Amino acid sequence: MELNQELEAVPQALSGHGVEESALVTILGKWDPLEREAFRKKTPNLFIEDKERHFQRWDDHYARLLKHEFVRFKNTVMLWSMHPWERDARLVKEAIKKGKASYGVLVEIACTRSSEELLGARKAYHSLFDHSIEEDVASHIHGIERKFLVALVSAYRYEGAKIKNEHAKSEAKIIFDVIKNAHKKPINEDDEVIRILATRSKPHLKALYNHYKDISGKNLDEDLDDIRFKEAVQCLCTPQIYFCKVLDSALKIDVDKNTKKALGRVIVTRADIDIKEIMADYNNLYGVTLPHKIQDIAKGNYKDFLLNLIARGSN
């Protein structure tokens, strides 16, 4: 490979969603000082020229992003090796620490795990952090979201299949009326809606979801403006579609590191559960297979590890 080709190959190996380690080893590893200088000069998106002092330095913003890419594989392997209870507890702790942009992870864990799995995560949280999830969500999250998020992470839903259809229909009407009158009272201040979404079984909520469409003509999540309520309804009623949307966002090129991080999180947490169904829905929604999309976007050991998890989970 000629130097000009190598100068193009290395930035591609560093361009998000993991790192192509083999290219860095075979190309960067053999460059002499002049070739490394040529690389720095020809990649102004990575380096900034200090014209006064006559040298090229890393762009601080890109250097921080790249550090995350180098550790992405390690973090994903660590998540995969953890007991599921510990994994969810650590994901919750990180989401609380990172703030509002990560609160969707709290909703995801609270609403897509079984009652026993969520209880297990709460037990692990006690063991790891000497606090309860409920306590930390209540003490660290402020404002209008707190009541709903505390209710979700505190839930222990009935897991059976029995539902009372008339109750589901009645509660669909309650939610419809609250949404219709949201100009008077926002949905995130309505105790009845919080009660329904935080305590009812998933079969009940799926029946409610269908009744809501009969009443409104639209899906419930389409009518919701509040992002946490929208995420909760999707996770509770159409979880595979929810995960497809999260994966698609994570696989876009120019997204922030938290959005990218969802790729590894979703693959790891769903590989033993419903990755096969998620793959089928992803193909239907986006006209491309999930492995093909990952093959195109991700890089290096990170890409290979994700593809291995998908392959074993889809057998």
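Note that the structure is a prediction, hence the values are computed from the model and not measured.
Aromatic rings of Phe243 and Tyr282 (six-membered ring for Trp) have centroids beyond the 6.0 Å cut-off, not under it.
Annotation: ring pair (Phe, Tyr, Trp, His ring centres under 6.0 Å) contacts of Phe55 (sequence neighbours excluded): none. Scanning for side-chain contact (heavy atoms from CB on, under 4.5 Å) contacts around Ala198 gives Ala151, Leu152, with sequence neighbours left out.
Within the model, atoms CG of Leu79 and CD1 of Ile267 stand 12.5 Å from one another, a figure rounded to the nearest 0.5 Å. The CD1 atom of Ile215 lies 10.0 Å from the CG atom of Leu220; values are rounded to the nearest 0.5 Å. With values rounded to the nearest 0.5 angstrom, Gln234 atom CD is found 4.5 Å from Lys245 atom NZ. Expressed to the nearest 0.5 Å, how far OH of Tyr242 lies from CD1 of Ile278 amounts to 10.5 Å. Considering NE2 of His292 and CG of Asp296, their distance stands at 4.5 Å, rounded to 0.5 Å.
Electrostatic pairing of Lys230 and Glu222 does not count as a salt bridge here, judged by no charged N lying under 4.0 Å from a carboxylate O. Ion pairing between Arg36 and Asp32 fails under the 4.0 Å rule for side-chain N and carboxylate O. Between Lys100 and Glu145 a salt bridge is recorded (basic side-chain N to carboxylate O distance below 4.0 Å).
Grouping Ile, Leu, Val, Met, Phe, Trp and Tyr by side-chain contacts under 4.5 Å, direct or through others, leaves Ile273 on its own.
For Lys293 and Tyr286, the positive end is not near the middle of the six-membered ring at less than 6.0 Å and at most 45° from its axis.
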